[in-house]
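One structure is given below, encoded as C-alpha cells.
In the text below, chain A, chain B and the rest are named by the order of the sequence lines, each starting its count at 1.
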Amino acid sequence: MLKNNQRVIQDLVEKGRVILKVIISVAVLGIMAVIFFAGQRPTAYYPVPLLNSSCPPGFKLNENNECIAKNLYSQYATTNKAGVGGLKSALPEIRDGFSPQEIDLGRYLFFDPALSVDQTVSCATCHDPDKGLGDGLATSQGKDGQQLKRAAPSLYNVGYLKKLFWDGRASTLEEQMLEPLFSKDEMGNTPENLIGTINEFENYRKLFAEAYPKRDRDQPIALHEITKAIAAFQSSLVSINSKYDQYAHGYDEALNKNEIEGLNIFRSFVARCAECHTPPLFTNQQFAVIGTPEPDGLPLDPGAEIPFSDESLRGAFKVPSLRNIALTAPYMHSGRFKTLRETVQFYTDGRGHAVPEGENLLIHWHIWEPNLTDYELDRLVDFLKTLTDESFKPKIPEVLPSGLKIST
Amino acid sequence: MKKKSPFIKIISSILLIGIGVFIGKSFFGQKNVETVPIPSTIKYRNIGLTNDTTQVASAEEFTGKIIEVKKGSSIQNAVKEASPGDLIRVYPGTYSENVYIDKDNISLQGVIINGDWPTLDGKKEINDAFLYSGNGILIENFKIINYKGNGIMGQAGNNFIIRNNWIIDTGVYGIFPQYGKNGLVEHNVLSKIADAAIYIGMCDNVDVLHNEVFDNVAGIEIENSRHCLVENNYAHNNTGGLLAFVTPGLPIKTTFDVILRNNFVVNNNHENFGAPGSTVSGIPSGTGILIMAADDVIVENNIITGNNNTGITIVDLATGAPKANDPNSEGNPDRVVILDNIMFDNGNNPTGEIKAIMLTQMDTKGPDIFAYGGGTGSSIRDKNRYRTFGLENYGMAQITDTKDIPTMMTPSPVPPRSVSFEELGELTYYGVCAGCHAFGTRLIGPPTEILQAIHQNNPQGIVDYITAPKNLREDYPEMPPQNYLSEEAKMAVAEYILALKH
C-alpha cells in the first residue's frame with residue numbers, strides 16, 4: 001500500500017513538473033511576445049497618445065466623423081440669425097463640423113510653445129484654461145515679457161463670434177491667429193520658420209497624417225493646416241451651462257433673490273446692459289463707443305477707427321461676451337477696471353465722463369445716466385457671477401508632440 | 001312662559017344667519033364682478049388669399065387655473081405660483097413692484113371695478129413694471145405710472161398681446177416688445193414717455209392698432225422690425241407722431257414691409273425732451289410721420305394735420321442720423337408708397353434744417369411731405385394735392401390701397417420652441433452630461449457604458465440618481481444634482497443614455 005501511494009505521489013509530482021514546464025515556457029513566450037509586440041507599437045518611443053476619436057463635450061459625432069454642436073439652446077427656434085433675444089433664444093450659428101482628431105490636434109498645437117519663434121510662449125500663455133481662457137493681466141505680455149496694448153479676451157464661445165479682436169479686424173479664427181503668431185511683440189514667429197519647426201517634429205507629421213487621412217503624407221505640413229486645426233480646437237471651447245442657463249431653461253431656483261434682482265436690473269431699460277450684452281451669448285456682436293478710461297498715462301486707444309478707417313468708430317470696441325466674466329478680471333480693452341464692481345460703476349458715472357479732453361467720441365446711445373444705486377450695482381455683480389461655467393474646460397495635454405514643456 | 005318649539009328656533013336661527021350674511025356681504029363683501037376670463041392666446045382668423053371667411057383657424061383652449069391678486073398682495077408671487085396656461089387676475093389697488101415673467105403662456109388681466117384700475121406705481125424708484133421673456137404672454141387692463149425704464153418690456157417672447165393698458169410716465173418706453181415675433185398691441189393709452197410710447201424693436205409680424213399716444217417724444221416707433229401694421233391710432237402732441245426707421249449698430253439691421261394706415265397724426269408739436277444721445281432726441285418738434293432708411297413703407301388714409309415742421313419726413317440715414325455709422329445698415333428709404341392721405345395745416349413753424357432748406361425755396365412754411373437724401377423706387381398717388389419737397393423722383397403709385405392686408409400677424413401662432421422627446425434627450429446628453437461622461441473613457445464620472453450596465457432597462461433609476469445623487473464610488477467625485485433639468489428632460493436623457501450605442 002505504502003509503495004503504491006509513493007508511486008502515485010511520484011507520478012503526481014512528475015505530472016506537476018511537466019505542467020509547470022509548460023506554464024513557464026508559455027509564460028516566457030508570452031512575455032517575449034508582449035515585449036516584441038510592444039516594440040512594434042509606436043507608444044514605446046512615441047510619447048504622445050493617439051488623437052482623440054470622440055468629440056469634446058457639447059458636440060455629437062455624426063456619420064461623417066464631424067463634431068456637431070448639441071446643447072440645450074438647440075431646442076429653441078432661431079427667430080433671428082443674429083442669435084440674440086431673451087432667456088429661451090437660440091444661440092448664433094457656431095462653427096462646427098470639425099473632426100475629433102482635428103480638434104485634438106488643434107489642442108496640442110494650442111498648448112505648444114513650439115509655435116513661437118523662441119519656443120517660449122504658446123496660445124495658452126495668454127488664453128490659460130485656469131484663468132478663464134484669458135491671462136488675468138490688464139494688457140497681455142508677448143515673448144520676453146513684452147507689454148502689449150490690449151487685454152487678452154477669453155476664448156470661451158469664440159466659435160460663435162463673427163468678429164474677432166477687440167477692434168473686430170478679423171472675421172475668421174484662421175485669419176485672427178496669424179497676427180499673434182507672426183507679430184514681433186507676441187509670438188514673434190514667421191510663416192517659414194513656423195512651418196519649418198512643425199515639420200521637423202516627427203510627432204506632428206504623424207499627428208497631421210492621422211487628423212487629415214486624405215492629405216499627401218509626403219507633403220510638408222502647411223500653414224493653413226496648422227491654423228485650421230487650432231481653429232477647430234478653439235471653436236470647441238463652449239461655456240453655456242452656468243447657473244444663469246439653468247434659470248433660463250426654466251429652473252426658477254437656480255438663481256437666488258439677489259441674483260434675480262440683478263438679472264432684472266441687467267435687462268431693465270434703466271441699466272440697459274442686455275441691450276448690447278444680449279442673451280444668450282451676452283453680446284450682440286456689434287461695435288460700441290462707451291468711452292472707458294485708459295490706464296493712467298496711456299493715450300486713448302482709437303479702437304475700430306483704425307482698421308475700418310472710419311472716424312465715427314473712434315474709441316469703438318466689439319461688445320465682449322460676459323460669459324465667465326467673473327474669471328477674467330481685470331476688465332475693458334486695456335484692463336483699466338480691477339473688479340466687476342468698478343466696471344459696473346463706470347456705466348452710471350455719466351455719459352462720456354472719462355473721455356479725454358479734446359476728444360469728441362460718438363458715445364453709444366445706451367450709455368446714459370441711469371443713476372443706479374449702490375444696492376443695484378451690487379446686485380448686478382451678483383448676477384454677473386452667475387454666468388460662470390467651466391464644466392467643459394479643456395484638458396491641458398500631459399505631453400506635447402514637440403517634447404517641449406507646457407507653458408501657460 | 002310658553003316654550004318656543006324647536007322647529008321655530010331652527011327657522012329663526014337660519015333666518016338670522018341669512019340676514020347676517022346678507023348684511024355682511026353688502027357692507028364688506030367684494031362686488032360681484034362680471035368679467036369673463038379670457039384665453040391666454042390669440043384666436044386666429046383665416047387670412048388666406050380670399051378674404052371671405054372669419055372662421056377661427058386655430059385657438060388654444062384655456063385650461064389653466066385662475067389666480068386672483070387682491071390689494072395688498074404681490075403680482076410677482078402670483079406669477080411664481082402660475083404655470084403655463086394660467087390666468088392671473090389683478091384687482092384694483094396700488095402695486096409697487098417689478099413683475100417679471102420668465103414662463104410661457106401666462107395671462108395677466110387687470111380687473112377694473114367702478115373705474116378703479118389695478119395700478120402699478122413705480123414711484124420713480126422702480127425700473128420696469130412688467131418684464132417678460134416667455135411666449136404667449138398677455139397683459140391687459142393695467143394702469144402703469146411712474147416707472148424709470150419701461151411700462152411693459154418683452155425680450156424675445158413670441159405671440160404676445162398687450163392691450164387696454166393706461167400708461168403714464170414710465171420712463172424711456174411705454175410698451176416695448178423686443179425680439180418678438182407675432183404680436184398685438186392695441187387699445188392702449190400712453191402719455192409722457194421720454195422716448196417712444198410704443199416701441200416695436202427688432203420684431204416681426206406685429207399689429208399696433210387703436211392706441212392713443214400723446215405728450216411723448218415719439219408716439220409709435222417701428223424700429224428694425226419687419227411686417228408691421230400701424231392702424232387706427234391717434235397720435236397727437238408728441239414731438240414726432242409715427243416713426244418707421246432703421247437704427248444703425250443693432251444686431252438686426254432692417255425695417256421693411258410697414259403699413260401706416262387710417263391713423264390720426266395731429267398737432268405733434270411737443271418740445272423734444274428725449275435723453276441726450278438717444279436717437280429720438282434728434283427728431284424736430286412738429287414731425288407728423290418720420291420714415292428713415294426703412295423700406296417698403298406704405299402711408300395710406302391717414303389724417304395728418306397741424307404738425308408744425310412737416311407732415312411726412314422721408315430721409316436716409318446720412319441725413320437723419322449722420323453720426324451713427326454701420327456699414328451693414330443700408331441707409332436709404334427705398335420703395336416708399338404714399339397713397340391717399342388728408343393733409344393740411346402742416347409746416348406752420350418749421351425748424352432747423354427744414355426751415356433752412358425751405359428758405360432756399362423762398363418758403364417760410366414746411367411742406368406736407370419732405371423727402372431728402374438717397375432712396376429709389378418710391379411712389380405717390382395724386383402728388384399734386386400736397387405741398388411737397390424733394391419728391392421729383394417719385395413715380396405714380398402702382399397700387400390704390402392695401403385693403404387685401406387686414407393684418408401683419410402670422411396666420412397661426414409661432415410654434416412653441418420645442419423639440420421631440422428623443423431630441424431633448426440627445427441635447428441634454430451632449431449639452432450637459434458629456435462634460436463628465438463619455439463612452440470608453442473616464443472623464444470625471446464613470447464611462448457611459450457603465451451607466452448603461454447599472455441602470456439597464458431602468459430609466460427611472462437614472463432619473464432618481466441624477467435628481468439626488470448618492471456617492472457610490474470612492475474613486476469618483478460626487479456628482480452634483482441635476483435637479484435643474486425639467487422632469488421631461490431628465491426622463492428623456494435617461495432613455496437616451498440607455499439606448500445609446502457606441
Side-chain angles (χ1 to χ4, degrees), chain A residues 54-60 70-77 79-80 82-90 240-241 246-254 260 263-265 267-272 274 278-279 284-288 308 310 312-313 351 362-365 367-370 391-392, chain B residues 80 98 100 102-103 127-128 131 133-135 148-150 153-158 171-173 176 178-179 181 202 204 249-252 275-279 323-327 414-415 417-419 423-424 426-432 434-436 438-441 443 483-486 489:
Chain A
S54 42
C55 296
F59 294 83
K60 183 192 181 187
K70 297 271 177 191
N71 55 65
L72 290 177
Y73 281 98
S74 321
Q75 66 187 297
Y76 306 125
T79 49
N80 57 62
V84 283
L87 271 57
K88 292 185 172 69
S89 296
I240 40 176
N241 286 329
Q246 297 177 1
Y247 181 85
H249 297 311
Y251 181 60
D252 293 346
E253 281 100 274
I260 289 178
L263 166 63
N264 286 335
I265 296 162
R267 59 182 164 173
S268 93
F269 221 79
V270 175
R272 303 187 185 184
T278 315
N284 65 0
Q285 304 205 45
Q286 304 297 308
F287 287 121
F308 293 88
D310 182 342
S312 75
L313 291 176
R351 182 178 159 81
L362 302 175
I363 300 285
H364 196 278
W365 63 92
I367 301 294
W368 69 318
E369 302 194 4
S391 57
F392 295 174
Chain B
K80 273 186 194 150
N98 161 225
Y100 57 95
D102 292 327
K103 299 175 178 181
N127 292 340
D128 309 280
L131 282 174
S133 72
N135 297 307
K148 294 197 296 183
N150 296 287
M153 178 178 185
Q155 278 171 323
N158 298 328
V172 189
Y173 300 116
F176 176 24
Q178 192 180 30
Y179 301 119
K181 188 175 171 72
M202 295 188 268
D204 289 277
L250 294 176
I252 311 292
S278 65
T279 311
K323 289 179 188 171
N325 196 331
D326 181 350
V414 178
R417 301 147 175 171
S418 60
V419 288
E423 284 169 307
L424 182 61
E426 180 186 88
L427 296 176
T428 310
Y429 177 74
Y430 289 102
V432 179
C436 297
F439 260 106
T441 174
L443 296 175
N483 50 356
Y484 58 88
L485 295 171
S486 67

For Q155(B) and A274(A), the nearest pair of non-hydrogen atoms, with its separation, is NE2-CB, 3.7 Å
The interface call for V172(B) against chain A, heavy-atom contacts under 4.5 Å, is side chain
Whatever's closer than 4.5 Å to a heavy atom in chain B on Y247(A) counts as side chain
If one checks every heavy atom of F439(B) against chain A at 4.5 Å, the contacting part turns out to be neither
Turns out that what part of Q178(B) lies under 4.5 Å from chain A's heavy atoms comes down to side chain
Distance col, row N71(A):CG vs E426(B):CD, nearest 0.5 angstrom, shows 11.0 Å
Taken to the nearest 0.5 Å, the spacing of E423(B) CD from K70(A) NZ works out to 7.0 Å
Here the pair of heavy atoms bringing S89(A) nearest to A156(B) is OG-CB, 3.3 Å
Heavy-atom nearest pair, A275(B) first then W368(A), reads CB-CE3, 4.3 Å
So, the part of R272(A) with a heavy atom under 4.5 Å from chain B: the answer is side chain
The interface call for T428(B) against chain A, heavy-atom contacts under 4.5 Å, is both
Whatever's closer than 4.5 Å to a heavy atom in chain A on L485(B) counts as side chain
Most heavy-atom pairs under 4.5 Å with chain B, out of N284(A), I367(A), N264(A), belong to N264(A)
In this structure, OH of Y100(B) is separated from CG of L263(A) (nearest 0.5 Å) by 8.5 Å
The interface call for L72(A) against chain B, heavy-atom contacts under 4.5 Å, is both
Bottom line for D252(A): the part with an atom under 4.5 Å from chain B's heavy atoms is side chain
Bottom line for I240(A): the part with an atom under 4.5 Å from chain B's heavy atoms is neither
When the 4.5 angstrom heavy-atom criterion is applied to N98(B) and chain A, the contacting part is side chain
Margin query: Counting C-beta onward and ignoring hydrogens, is there a side-chain heavy-atom pair between H249(A) and Y484(B) closer than 4.5 Å?
Written below: no
Under 4.5 Å to a heavy atom of chain B? For F59(A) that would be backbone
When every non-hydrogen atom of A434(B) is compared with those of P57(A), the smallest separation belongs to O-CB, 3.2 Å
In this structure, CG of N127(B) is separated from CZ of R267(A) (nearest 0.5 Å) by 11.5 Å
Rounded to the nearest 0.5 angstrom, the CG-OH distance for L427(B) and Y76(A) is 10.0 Å
So, the part of S74(A) with a heavy atom under 4.5 Å from chain B: the answer is both
Closest non-hydrogen contact found for G431(B) with N241(A) is O-ND2, 2.7 Å
Whatever's closer than 4.5 Å to a heavy atom in chain A on D102(B) counts as both
Self-check item: Test item: L250(B) and Q286(A) side chains (from C-beta on) under 4.5 Å apart, heavy atoms
Solution: no
Okay, Y429(B) and chain A: the region with an atom under 4.5 Å from a heavy atom over there is neither
